[in-house]
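Written below as structure tokens is the structure these notes are about.
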Amino acid sequence: MNSKVRVRFAPSPTGALHIGGVRTALYNYLFARQNGGSMILRIEDTDSGRFVPGAEDYINEALAWLGINIDEGVREGGDYGPYKQSERREIYRENVDKLIANGNAYIAFDTPEELETKRAEIANFQYDASTRGMMRNSLTLSADEVKTLIDNGTKYVVRFKIEPNRDIIVNDLLRGAVTINSSILDDKVLYKSADDLPTYHLANIVDDHLMLVSHVIRGEEWLPSAPLHILLYEAFGWADSMPQFVHLPLLLKPDGKGKLSKRDGDRLGFPVFPLEWHDPKSGEISSGYREAGYLPEAVINFLALLGWNPGNDQEIMSMTELIDKFSFEHCSKSGAKFDFEKGKWFNHKYLQEISDEGLAALFMPILEEKGIKNFDTIYIAKAVGMVKGRISFIKELWEQAGFFFEAPTTFSEKDVKKRWKEDTPTKMEELIGILEGINDFSSAASEEIVLAWITKNEYHMGNVMNAFRLTVVGECKGPHMFDITELIGKEETIKRIRKGIETIKTI
RNA sequence: GGUGAUUUAGUGUAGUGGCCUAGCACGCCACCCUCUCACGGUGGAGACCUGGGUUCGAUUCCCAGAUUCACUACCA
């Protein structure tokens, strides 16, 4: 048993990192940090056919953005490299040979086409103890025949020889003892001579062993093959140092059934990837949480709570707190449906923690894009400070605070209908007169004067104030009216009222 | 089909035999605040998969079934 906690996140570079994969990485990371252990990032590129250029960089960038720091990996280096499986061919070859030598594996020459035919012919065909005797392999062929075939360059695979009818117990830290009978397992392909690469199962076990991995924390989809992995540890004689297993529940579609997939994001309009992804093959672009305006802290917090809880009602937690509180005891065993609305709420919460100045800095690029200049940071920060409570994303700042930077050019039809009466223009002219007479244009001072004017004339407060708001904002929404006018100033306020009187027509 | 896992409101979850007239959060609704829209505050609707059993007492324990999901490739 390895005493030091060493965990690994082992994605395949076959595309963008899925949000479910991110959560697996996160749980690995939290567990590692909590125990002073190491986090390994291993690239599992043993399927040359599915390799996608750029995917590895994407994985690195995504984890870095989220603050999931890697201790050992392709970029970081480490004492147990290489950390990319395609660079470990020698290691796998040696180990496969060991298994053949000790009788736990054999060479099979059946082609994929032949296997397909078999599956079509025989219902529920499985390459196992019951059928291996009728296939073309080193168990049925003579040693000479096998040698000749290999020498002639015939492609072959190495299969794991599984003894039938044995109950294998997987001790899962989350699910307890799970018993699976070896008869349902097939003689898994461990290695393919066609590309001189192992399959997942072999590479995974060899690497976890050699990299001294103490805990294998992965998705539930691996639970059915866990007994195979245990058998492999035994076959190698590594049973004593076998890691602990944890099979995490899956992230499910928000509606309907099944695992959360890329399509769900497209369909329901939310990202399923941490970063925007440009598929090099199809040219397709998939949205990412970063580009959609999410803060990494919010994504982490949201993801952490999808399948885990601290055991009490606390929801907002920093990475540090998560590391402190994380435990498998409080992980749920069933899949969690992805709730995008809740994700938005987390982002809202985290946005409120940022100072007005910080928010202003994030808002700046959007203003620039709109061609807005001539406003200093203090002005922007004040404007942002007034509306921050109502946004969940930085990009919403424009629709909430745009009027601070640009006079309205259109006016909400619905609000005009409700608040712009026939005598409104007259009242607005009057209001201009009142405003012009105000020297201290601060919020409190001007409010007192304007309200006194309304009261004295017994005007309808709601109608006058909303008409006023309509000319300044363009619709009946936004912060306290006089906070707005204080910021945009007397001159601009009056200008907007005049414009409103000219433009707005009673409906 | 087979094997395994799973099962508290629409969603994420708390709950480890009586404190549960089942708590919290998101979402939804109402009210309050208010010049408006939000925020915030208060309140409301809304759940223990089903059937047996054990027990004085089951959401909690046992059994059976159902449900949902995963796996069942020379993919991971």
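Since the model is a prediction, treat every value here as computed from it, not as a measurement.
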Check whether the side chains of A/Asn152 and A/Thr154 place a donor and an acceptor atom closer than 3.5 Å, and report yes or no. no

Over all strands shown, is A/Ala336 touching base, sugar-phosphate only, or nothing at heavy-atom distances under 4.0 angstrom?
sugar-phosphate

| Can you find a side chain N or O atom of A/Asn309 that sits less than 4.0 Å from OP1 or OP2 on B/rA14? | yes

Touch class at under 4.0 angstrom, heavy-atom based, for A/Arg50 against every strand present = base

Checking all strands, does A/Pro479 fall into the base, sugar-phosphate, or nothing category for heavy-atom contacts under 4.0 angstrom? base

note: A/Phe403, atom CZ; B/rA38, atom P; distance rounded to Å ~ 14 Å

To the nearest angstrom, the NZ-P distance between A/Lys388 and B/rG40 comes to 13 Å

Taken to the nearest whole Å, CD/A/Gln352 to P/B/rG40 is 8 Å

Please classify the nucleic acid contact of A/Lys259 as base, sugar-phosphate, or nothing, using heavy-atom distances under 4.0 Å.
sugar-phosphate

B/rA64 -> Watson-Crick or G-U wobble partner, both distances under 3.5 Å, gives B/rU50

B/rC24 -> Watson-Crick or G-U wobble partner, both distances under 3.5 Å, gives B/rG12

**Asked** Without hydrogens or angle criteria, can the side chains of A/Asp483 and A/Ser443 be said to hold a donor-acceptor pair below 3.5 Å?
**Response** yes

For this session: Indicate, with a heavy-atom threshold strictly under 4.0 Å, whether A/His480 touches base, sugar-phosphate, or nothing.
Result: base

In terms of the angle between their ring planes, are A/Phe405 and A/Phe363 parallel, tilted or perpendicular, with boundaries placed at 30° and 60°?
-> perpendicular

Next item on the list: Please state whether the phosphate of B/rA76, meaning OP1 or OP2, lies under 4.0 angstrom from any side-chain nitrogen or oxygen of A/Thr46.
Entry: yes

- prompt: Is it true that a side-chain atom of A/Lys188 and a backbone atom of A/Leu202 form a donor plus acceptor pair closer than 3.5 Å?
  reply: no

For nucleotides 23-28 of chain B, 5' to 3', base contacts (B), sugar-phosphate-only contacts (S) and non-contacts (-) with protein non-hydrogen atoms under 4.0 Å give BSBB--

Contact check, side chains of A/Pro11 and A/Glu44, non-hydrogen atoms, under 4.5 Å: no

Between A/Glu220 and A/Lys418, the residue closer to the 5' end of RNA chain B by nearest nucleotide is A/Glu220

**Prompt:** Which part of the nucleic acid, if any, lies within contact of A/Ser332, taking any heavy atom under 4.0 Å across all strands shown: a base, the sugar-phosphate backbone alone, or nothing?
**Reply:** sugar-phosphate

Heavy-atom nearest nucleotide on RNA chain B taken for A/Lys477 and for A/Gly307; more 5' hit belongs to A/Gly307

Next on the checklist: Could you tell me if the side chain of A/Phe326 sits less than 4.5 Å from the side chain of A/Trp308, heavy atoms only?
Outcome noted: yes

By the Watson-Crick or G-U definition, both distances under 3.5 Å, B/rC39 is matched with none

field: A/Phe302 and A/Tyr350 aromatic centres sub-6.0 Å
entry: no

Please determine whether a side-chain nitrogen or oxygen atom of A/His229 lies at a distance below 4.0 Å from atom OP1 or OP2 of B/rC71.
no

Answer for the Watson-Crick or wobble partner of B/rU59, both distances under 3.5 Å, is none

The correct set of residues in residues 153-166 of chain A placing a heavy atom under 4.0 Å from RNA chain B is A/Val157, A/Arg159

Rounded to whole Å, the CD-C1' distance (A/Glu475 to B/rC35) equals 15 Å

inquiry  = Taking only the C1' atom of each, what is the distance from B/rA9 to B/rC71 in whole angstrom?
reply    = 31 Å

On a whole-Å scale, what distance lies between the P atoms belonging to B/rC29 and B/rG15? 31 Å

* To do: Mind telling me whether A/His247 and A/Phe245 have parallel, tilted or perpendicular rings, with 30° and 60° as the class edges?
  => parallel

pair_partner(B/rG2), Watson-Crick or wobble, both distances < 3.5 Å, evaluates to B/rC71

Under 4.0 Å, heavy atoms only, any strand: does A/Arg218 hit a base, just the sugar-phosphate, or nothing? nothing

Inset, instruction - Could you check whether A/Gly219 gets within reach of a base, just the sugar-phosphate, or nothing at all, counting any heavy atom under 4.0 Å? - result: nothing

### Query
Would you say the side chain of A/Leu228 lies within less than 4.5 Å of the side chain of A/His201, judging by non-hydrogen atoms?
yes

- [ ] Select base, sugar-phosphate, or nothing to describe what A/Thr179 touches, counting heavy atoms under 4.0 Å on all strands.
- [x] sugar-phosphate

Rounded to whole Å, the CG-P distance (A/Leu202 to B/rA73) equals 18 Å

task = Determine: side-chain N/O of A/Arg119 to OP1/OP2 of B/rC74, distance under 4.0 Å, yes or no.
result = yes

Item to complete: Indicate, with a heavy-atom threshold strictly under 4.0 Å, whether A/Asp110 touches base, sugar-phosphate, or nothing.
Response: base

From CG of A/Leu248 across to C1' of B/rA5 the rounded distance in Å is 13 Å

